S.K.: 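I'd like to ask some things about the structure below.
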Amino acid sequence: MDSKYAVVQTAEAHVALETAVDDDNIPVAAPVLVASEFSAPPPQPNSQKGSEPYADDEISITWEKGETQPAAFRDKWFAIAFVTQVVAISATAMVVAPSSWAELFSSIDSDPATSNNYHDDDGVSQEQDLPGIEFWALVIGISLLVAPALSLFSMTLMAKNAIGMITASLWFSIILCGLLAVCSIFVAPLVGVIYGIFTICLVSYLKAVKHRIPYAASNLKCSISVLKNNLGLGLVAIGSMIALVGYMLSWAFAFTFTINLDSMKDNSTGDNDLSPLGGFVACSFLLSFYWTHEVLRNIVRATVSGVVGHWWFVPTEAASFCSLAVMGSATRASTYSLGSIAFGSLIVAVLHLIRNTLNNARNDRNASILTCIAACILAYIEALVEYFNKWAYVYVGLYGYDYVEAGKRVMNLFKQRGWNVIIADNLTNRLLGIMSLTIGILTGLCTLFVTFLVDEIESKQGWLGVGFFIGFVIGMVLSGIFMGLLSSAVDSVIVCFAEAPQEFNETHPEMAQEMNQTWKDAWPDVVRGPVVVGLGGGLGVV
């Protein structure tokens with residue numbers, strides 16, 4: 001290929017090209033430059049696609065770098081459709097909610113199964129002594145205090161010993177799977193053999209990725225630094241959860257009212273089956289529910305990506321609780337990028353609806369084996385699309401791309417990095433999941449211990465278990481918020497390191513040095529980028 005410049009992708013090719021240059025006495029107008037394969041400038045609005053040449057006799061980096069998109073609504077028709085369905089359901093709920101609440105309370109008062117009475121051994125009706133408001137306030141209050149404190153403490157632990165904790169999470173999975181294999185072999189030998197195979201696979205996986213754990217740990221440390229400097233992201237996640245709860249209540253009222261209309265029933269069968277119109281409306285409501293859930297979750301993911309981008313390129317804008325990065329990224333994710341997020345979320349929602357429909361059909365005794373196979377295949381397709389989407393939303397949050405362009409960037413990322421991305425993502429997410437479960441259990445134990453010390457609660461048998469369960473659920477939810485934010489930040493750091501390692505050296509030199517070193521240790525035989533050679537003679541080998 002005739003070119004003014006040459007790009008060498010591997011160390012071997014670099015040596016071969018240098019030999020060819022020496023043998024043929026081709027004049028070299030510029031010194032050899034070793035540039036990152038993923039080098040890119042900060043995503044400034046005025047940046048151009050691709051890298052600009054360093055000099056007249058040097059090459060443009062082949063990686064097409066990202067650039068911040070101008071403020072404009074993208075994929076706007078999907079945003080309009082999403083907002084329309086949310087408004088329609090909310091308006092319906094507002095109309096029918098008063099009558100629905102009245103009917104609900106009247107049914108509770110008239111139903112003896114919902115009263116506080118129970119029958120003793122002699123068949124005499126007794127009134128159950130329920131805990132007072134102090135019990136519920138104590139349990140919920142302790143959970144709301146303990147879970148965030150444990151989450152912040154766990155982030156401190158992970159930041160101080162990320163390598164050890166990632167390694168421990170892998171050993172935890174191996175030991176747990178091994179114990180299940182041993183316990184199951186005597187009860188269900190086939191299940192025990194399956195768990196034994198899983199244990200062997202996990203041990204092999206640990207050996208294969210052990211030298212790559214430090215690189216995953218450095219990604220995790222950067223993500224923890226982002227989150228600690230921008231704890232306002234937690235408010236964004238909690239606000240998204242509150243919005244989801246409010247939508248779920250509105251959806252329940254609207255769905256119950258609509259589905260009970262006479263036009264939704266098939267009166268010909270006499271079994272209160274849904275008519276074709278009723279089936280269509282029910283599927284539409286389910287699609288709306290799945291779609292809204294996905295959109296709210298992915299708005300948080302895109303917001304985290306935007307904050308990581310600010311922290312990466314302009315740290316001063318991402319250095320406070322509710323920093324400019326947090327507010328700006330949340331605003332862009334819920335306005336300009338809402339259509340792109342709604343686009344990708346709709347694909348997942350449709351797949352989820354189809355899979356649930358097939359699962360319901362599979363439960364029918366008349367279902368064929370093809371239905372079961374189709375449901376399994378669709379489950380894997382849905383998982384792949386969700387995994388692809390989570391990376392696409394990183395590009396949406398970082399640069400403001402539309403969904404299609406973000407998808408192209410994801411394909412390019414995996415073409416360049418491949419399994420390196422997946423392994424780093426998997427190692428950290430395994431640890432975060434275990435930490436979330438641990439925090440949930442510890443929060444439940446704290447509520448159990450404190451409520452046990454209260455004299456009035458000791459006499460209420462069974463309610464201590466309820467206290468533990470409430471603490472466990474709240475602990476899981478709150479820790480899940482923090483760990484979910486960390487997971488999104490890790491993905492964003494991986495992309496930023498691929499896009500702009502040089503800018504990372506300038507803004508966070510200590511972290512950049514550690515990440516570059518761990519990358520080199522993990523993949524010593526791979527040059528972290530093309531070797532750029534300027535050929536003054538106008539002849540190059542790409």
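Just so it is clear, the model here is predicted, and its values are computed rather than measured.
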S.K.: Can you tell me if S218 uses its side chain to pair, donor with acceptor, with the backbone of Y215 under 3.5 Å?
M.R.: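 Such a contact is found between S218 side chain and Y215 backbone.
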S.K.: Flag the pair E294 / E386 as yes when at least one side-chain heavy-atom distance between them is below 4.5 Å, and no otherwise.
M.R.: yes
S.K.: Side chains of Y205 and L427: closer than 4.5 Å at any heavy-atom pair?
M.R.: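 Heavy-atom side-chain distance check passes, below 4.5 Å.
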S.K.: Under the 3.5 angstrom rule, does the side chain of S288 hit a backbone N or O of S284 as a donor-acceptor pair?
M.R.: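 Pair absent, no side-chain N/O of S288 close to backbone of S284.
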S.K.: Within the 4.5 Å heavy-atom criterion, are F482 and L486 side-chain neighbours or not?
M.R.: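 A side-chain contact under 4.5 Å is absent here.
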S.K.: Any non-hydrogen side-chain atom of I174 less than 4.5 Å from a side-chain atom of W171?
M.R.: yes
S.K.: So, does T258 use its side chain to make a donor-acceptor pair with the main chain of F255 at under 3.5 Å?
M.R.: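 Looks like no, no N/O pair under 3.5 Å.
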S.K.: Where do S329 and V307 come nearest, in terms of heavy atoms and distance?
M.R.: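 Reported closest heavy-atom pair: OG-N, 3.3 Å.
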S.K.: Strictly distance-based, threshold 3.5 Å: is any side-chain N or O of S436 a donor or acceptor partner for the main-chain N or O of L432?
M.R.: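 No; zero donor-acceptor contacts below 3.5 Å.
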S.K.: Okay, side chain of N161, backbone of G164: is any donor-acceptor separation there less than 3.5 Å?
M.R.: yes
S.K.: Which distance, rounded to the nearest 0.5 Å, do you find between the SG of C496 and the CH2 of W311?
M.R.: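 Reported to 0.5 Å precision, the distance equals 9.0 Å.
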S.K.: Would you say that N356 contacts L286 through its side chain, given a criterion of any heavy-atom pair below 4.5 Å between the two side chains?
M.R.: no
S.K.: How many angstroms lie between OG1 in T443 and CD1 in I142, if you round to the nearest 0.5 Å?
M.R.: 10.5 Å
S.K.: Side chains of Y401 and R409 only: does a donor on one sit below 3.5 Å from an acceptor on the other?
M.R.: yes
S.K.: Just by modelled atom types, is the I166 backbone N or O under 3.5 Å from a matching donor or acceptor in the S169 side chain?
M.R.: yes
S.K.: Does E499 form a side chain to side chain donor-acceptor pair (under 3.5 Å) with Y399? I'd like the steps, not just the answer.
M.R.: CA-CA 11 Å; E499 290 273 323; Y399 301 113; 3.0 Å; yes
S.K.: Taking the side chain as every heavy atom from C-beta outward, state whether L231 and L152 have any pair of such atoms under 4.5 Å apart.
M.R.: yes
S.K.: In terms of relative ring orientation, are F285 and W251 parallel, tilted or perpendicular, with 30° and 60° separating the classes?
M.R.: perpendicular
S.K.: Would you confirm whether S479, through its side chain, and M476, through its main-chain N or O, come within 3.5 Å as a donor-acceptor pair?
M.R.: yes
S.K.: Do side-chain atoms of S240 reach the backbone of V236 as a donor and acceptor pair under 3.5 angstrom?
M.R.: no
S.K.: Looking at every non-hydrogen atom in both residues, tell me the closest pair between D75 and S340 and how far apart they are.
M.R.: OD2-OG, 2.9 Å
S.K.: With rounding to the nearest 0.5 Å, note down the distance linking CG in L445 to OG1 in T447.
M.R.: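 Answer for the CG-OG1 pair, L445 versus T447, is 7.5 Å.
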S.K.: Nearest 0.5 Å please: distance from the CE atom of M241 over to the CD1 atom of I481.
M.R.: 3.5 Å
S.K.: For side-chain contact (heavy atoms from CB on, under 4.5 Å), just list the numbers for S151 and I439, CA-CA rounded to whole Å, side-chain angles, deciding distance to a tenth of an Å, and then say yes or no.
M.R.: CA-CA 7 Å; S151 298; I439 292 172; 3.8 Å; yes
S.K.: Is it true that a side-chain atom of S225 and a backbone atom of K221 form a donor plus acceptor pair closer than 3.5 Å?
M.R.: no
S.K.: Is it true that atom CZ of F153 has more than 12 heavy atoms of other residues, nucleotides or ligands lying nearer than 6.0 Å?
M.R.: no
S.K.: Does either side chain, that of Y403 or that of N389, offer a donor lying less than 3.5 Å from an acceptor on the other one?
M.R.: yes
S.K.: With no hydrogens and no angle check, do the side chains of S250 and S90 hold a donor and an acceptor under 3.5 Å apart?
M.R.: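 Side chains of S250 and S90: no pair found under 3.5 Å.
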S.K.: Should T292 and Q85 be marked as a side-chain contact (heavy atoms from CB on, under 4.5 Å) after you check the CA-CA gap, both sets of side-chain angles, and the distance that decides it?
M.R.: CA-CA 9 Å; T292 305; Q85 63 92 15; 3.1 Å; yes
S.K.: Distance check, rounded to the nearest 0.5 Å: F198 atom CZ versus S173 atom OG?
M.R.: 12.5 Å
S.K.: Indicate the ring-plane relationship of F82 and W291, choosing parallel, tilted or perpendicular according to the 30° and 60° boundaries.
M.R.: perpendicular
S.K.: If the condition is ring-ring contact (aromatic ring centres under 6.0 Å, His included), which residues does Y290 pass it with, not counting sequence neighbours?
M.R.: H352
S.K.: Given side-chain contact (heavy atoms from CB on, under 4.5 Å), test C177 with L202 step by step and report yes or no.
M.R.: CA-CA 9 Å; C177 204; L202 286 174; 4.1 Å; yes
S.K.: Please name the pair of heavy atoms, one in V396 and one in R332, separated by the smallest distance, quoted to 0.1 Å.
M.R.: O-NH2, 4.1 Å
S.K.: Please report the shortest heavy-atom distance between G232 and C322, naming the atom on each side.
M.R.: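 Closest approach of G232 to C322, heavy atoms only: CA-SG, 4.2 Å.
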S.K.: Please report the interatomic distance CZ(F472) to CG(L442), rounded to the nearest 0.5 Å.
M.R.: 10.5 Å
S.K.: Can you tell me if S487 and K390 form a side-chain donor-acceptor pair at under 3.5 Å?
M.R.: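 Not at all, the side chains of S487 and K390 share no donor-acceptor pair under 3.5 Å.
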S.K.: Would you check if the side chain of T507 reaches a backbone N or O of W312 as a donor-acceptor pair within less than 3.5 Å?
M.R.: yes
S.K.: Just wondering, are more than 12 heavy atoms of other shown residues or ligands nearer than 6.0 Å to OH in Y195?
M.R.: no
S.K.: Begin from the C-alpha positions of L338 and I299 and carry the test side-chain contact (heavy atoms from CB on, under 4.5 Å) through to its verdict.
M.R.: CA-CA 8 Å; L338 179 61; I299 284 177; 4.0 Å; yes
S.K.: Return the orientation label for the F504 and H508 ring planes: parallel under 30°, perpendicular over 60°, tilted otherwise.
M.R.: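 The arrangement is tilted - the two ring planes meet at 30° to 60°.
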S.K.: Testing the basics here: between I224 and A159, what is the closest heavy-atom pair and its distance to 0.1 Å?
M.R.: CD1-N, 3.6 Å
S.K.: Would you call V326 and H310 a side-chain contact if the rule is heavy atoms closer than 4.5 Å?
M.R.: no
S.K.: Does M327 have more than 12 heavy atoms from other residues, nucleotides or ligands lying within 6.0 Å of its CE?
M.R.: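 Check passes, neighbour count above 12.
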S.K.: For a 4.5 angstrom cut-off between non-hydrogen side-chain atoms, does H293 reach Y247?
M.R.: no
S.K.: For A217 and A162, work out which heavy atoms get closest and say how close.
M.R.: CB-CB, 3.5 Å
